[in-house]
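Here is the structure we will look at.
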Amino acid sequence: MGRRDVFVWNFGVFLLCFLLGFAQSAVKTYNFDVQVKNISRLCHAKPMVTVNGMYPGPTIYVREGDRLRINVTNHAQYNMSIHWHGLKQYRNGWADGPAYITQCPVQTGQSYTYDMNVTEQRGTLWWHAHIFWLRATVYGAIVIMPKQGIPYPFPQPNSEFNLILGEWWNDDVEEIVKQGRKLGLPPKMSDAHTINGKPGPLFPCWEKHTYAIEFEQGKTYLLRIINAALNDELFFAISGHSMTVVEIDAVYTKPFSTESILITPGQTTNVLVRANQAAGRYFMAARAFMDAGLPIDNRTAIAILQYKGIPNTVIPSLPQLPDLNDSSTALTYNAKLKSLNSPRFPCNVPLKVDRHLFYTIGLGVNPCPTCQNGTQLTASLNNITFVMPQVGLLQAHFLSLKGVFTADFPDRPPMPFNYTGATFTNLQTTLSKLPRVSKIAFNSTVELVLQDTNLLSVESHPFHLHGYNFFVVGTGIGNFDPKKDPAKYNLVDPPERNTVGVPTGGWTAIRFRADNPGVWFMHCHLELHTGWGLKMAFVVEDGPDKDHAVRSPPKDLPQC
C-alpha cells in the first residue's frame, strides 16, 4: 500500500469515526408552555400551574452526548424558572435554573431557551420549577439513554416505567404558603401523596385517579422512581415483589435486592423488577418516613401493578411498608448503596482534600412583629439564614457587580457546641443585608460535613448541590468526630449522588472536585426549609483558560 493509499485509508477511517460520532449526537428540542389548567383530584378541582397542561409534566428523552434545547414560554401569572435537577451544566450555569441564583425568572408573557449539553451522564434525573412552591405541580422526568451500542451494566429490561412520587393540596399551594408566612408558622401539610399525579384507591374519587402498569409473566422491568414531593421522604414498596437497585441519581450502583426503598425529595432510584409472581394484581405504595416526631402527611399513595390478562375485579394486596419512624430500615438501606466502580464506570472519589468545610443545620425562631406569636420559624446553615438577592448571583459574579453578595460564608459554625444534645433558649439566626457565599478555588477538592442539630428539633434533611455530583464518604448518628469518624470513611466505592439525606440527629460527609466554574446553589430539598433560609451558594472560580471558565450568557437570558 503506497503513501497515498495509506493517507486515503486513514482519512476514510477518520471520516467514518467522525460521522459515527456525529450520528450518535443529536439536538433534542422541547417546547414547554407554562400555563394554568383546571385539574381535579380527591373530588376537588382547582386551577394550577402546569407545563403543556400536563400533571406531571412531559418526560424529556435524551441520549448521553446530545444537546438539549428547551424553549420555556410563561403564560402563567407567576414568574417562572425551571431547574434540570442533576444535570451538571459544565461552565453553563445559565441553564441551571434556580431563580435569582443563576438567572432572573421568566416573567409572564416572556420566553427563555435552556440550552445545555448532556455530557458523561446517563440514567434518570428530573426537572422542576425552582421558584416559590411551584414545583408542587411543575415537574417531570428526564430519561438519559446511554450512547448507541453501550449496554446497561445490568440485565437488559424488557420494558420500563417512570414513577414520580409527589404531593397534592386541595387548595392553592401559593396561597397556603402565603398564609403560613403571614402567621410565621409552617403552612398546611399536603392532602395526599401521589404516584404519577394520582393518589390511588385510599382517597375519594379514586376511580379516575389511580395509576396502573401492566407486566407480562417472566419479563423484567425497569422502574425509574423519582421523589418530587415537596416536604416528605418516602418509603416505596411493591406487594409480593422484591426490587433490585441498579442506579441512584443517574449513577450506576452495585446491584442489591430489597423489599422497600427510601427516597428523599430530589433523589431518583432505578430498580429492576421481575414479573415472577403468580399472575394477579398487586399494589405499589409510597408513604412518608419521619423519625423526628414532627407532624407530616402520613397518607399512603397507591398504584397498581397488573399482570396481563388479569381482570380488574381481582382485589390487589397491600405491600408491607416500613413504619413511619423506622430509622433502622432507613439507615440499613442507605448503607447498602455503593458505586458500581467498574473499569467503564469508575468511582473517582477524591482521596486528598484541599478544603475542609463543616456546616451545622439548624432550625430557629426570629422576631416577627406582624406574625401570630410575634416570631417566625426560620432555618440556617452555620447559623446564617440565607437572604435571597434581587438579581442573579451568577450574572453578578460574571460581570463583577458590586453590592450583590459577599464572599464570606464561614467554613465552620461561629461557636462549637453539643450539636445534637444541647437545647438552647436563644434560637435566633443571623440575617445579613446581602447573601453570603463561599468562594472555592477551581479544581480544588472539597470535603463538606453536614451536621444536624437539636436547635428547636433534630430532623432529617435532604441536601442538593447544583452543578455537581458528590461522593457520600461517611454518615453517622450524633456529633461528627473529626478525629475518629474519617477513619471509617468509604473511599473505595462510596455512593455518588446529587442529593443526600442527612440523618436525624446525625451527620453526612461528602466530597467533590470543584472543576465546574460558576455559582452553584446548595439547599435543603424540603421546600419548607428552603423557604426558611436553609440554603447557600458556592462561587467556584474560573480555571486557567477560557475552556475552564464560565461561558458568556445567552442573549435571551431573562432580566430582573
Query - Working for side-chain hydrogen bond (donor to acceptor under 3.5 Å, both in side chains), residues T102 and D96 - result: CA-CA 7 Å; T102 58; D96 190 42; 4.6 Å; no

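- With sequence neighbours left out, E233 forms a side chain to side chain donor-acceptor pair (under 3.5 Å) with S460.
- No hydrogens or angles considered: nothing links the side chains of N454 and T420 as a donor-acceptor pair under 3.5 Å.
- Ring pair Y468/F512 is tilted by interplanar angle, where 30° to 60° counts as tilted.
- With respect to D66 and R63, no salt bridge is recorded, no charged nitrogen being found less than 4.0 Å from a carboxylate O.
- Ion pair D115/R69 flagged as a salt bridge, since at least one NZ, NE, NH1 or NH2 atom sits closer than 4.0 Å to an Asp/Glu carboxylate oxygen.
- Counted by atom type alone, N231 and E527 present zero donor-acceptor pairs between their side chains at under 3.5 Å.
- Screening H461, H130, H83, H529 for a ring pair (Phe, Tyr, Trp, His ring centres under 6.0 Å) with H523, the sole residue that qualifies is H130.
- Between W126 and H525, the ring planes are tilted. Angles from 30° to 60° get that label.
- Side-chain N/O atoms of S444 and D354 include no donor and acceptor closer than 3.5 Å.
- For the pair M522 and F470, the minimum side-chain heavy-atom distance is 4.5 Å or more.
- For R181, the CZ atom counts as loosely surrounded, since its 6.0 Å shell holds 12 or fewer non-hydrogen atoms of other residues, nucleotides or ligands.
- Between F289 and the options F236, F235, Y333, a ring pair (Phe, Tyr, Trp, His ring centres under 6.0 Å) holds for only F235.
- With sequence neighbours left out, C347 forms a disulfide bond (SG atoms under 2.5 Å apart) with no residue at all.
- No side-chain donor-acceptor contact under 3.5 Å links N383 and T429.
- Under the 30°/60° scheme for interplanar angles, the aromatic rings of H466 and H85 are found to be tilted.
- For the 3.5 Å distance criterion, the side chains of T475 and T508 qualify, holding a donor opposite an acceptor.
- Residue pairs meeting the side-chain hydrogen bond (donor to acceptor under 3.5 Å, both in side chains) criterion with at least one member in residues 395-414, sequence neighbours excluded, are R355-D411, T406-D408, D408-R436.
- Between W127 and Y139, the ring centre distance reaches or exceeds 6.0 Å.
- Ring orientation note: the planes of W507 and F480 are nearly perpendicular, at an angle over 60° on the 30°/60° scale.
- Residues Y252 and V246 are not in side-chain contact: their nearest non-hydrogen atoms beyond the backbone lie 4.5 Å or more apart.
- Residues D493 and S339 have side chains that never bring a donor and an acceptor to within less than 3.5 angstrom of each other.
- The closest side-chain heavy-atom distance from V540 to W520 is below 4.5 Å.
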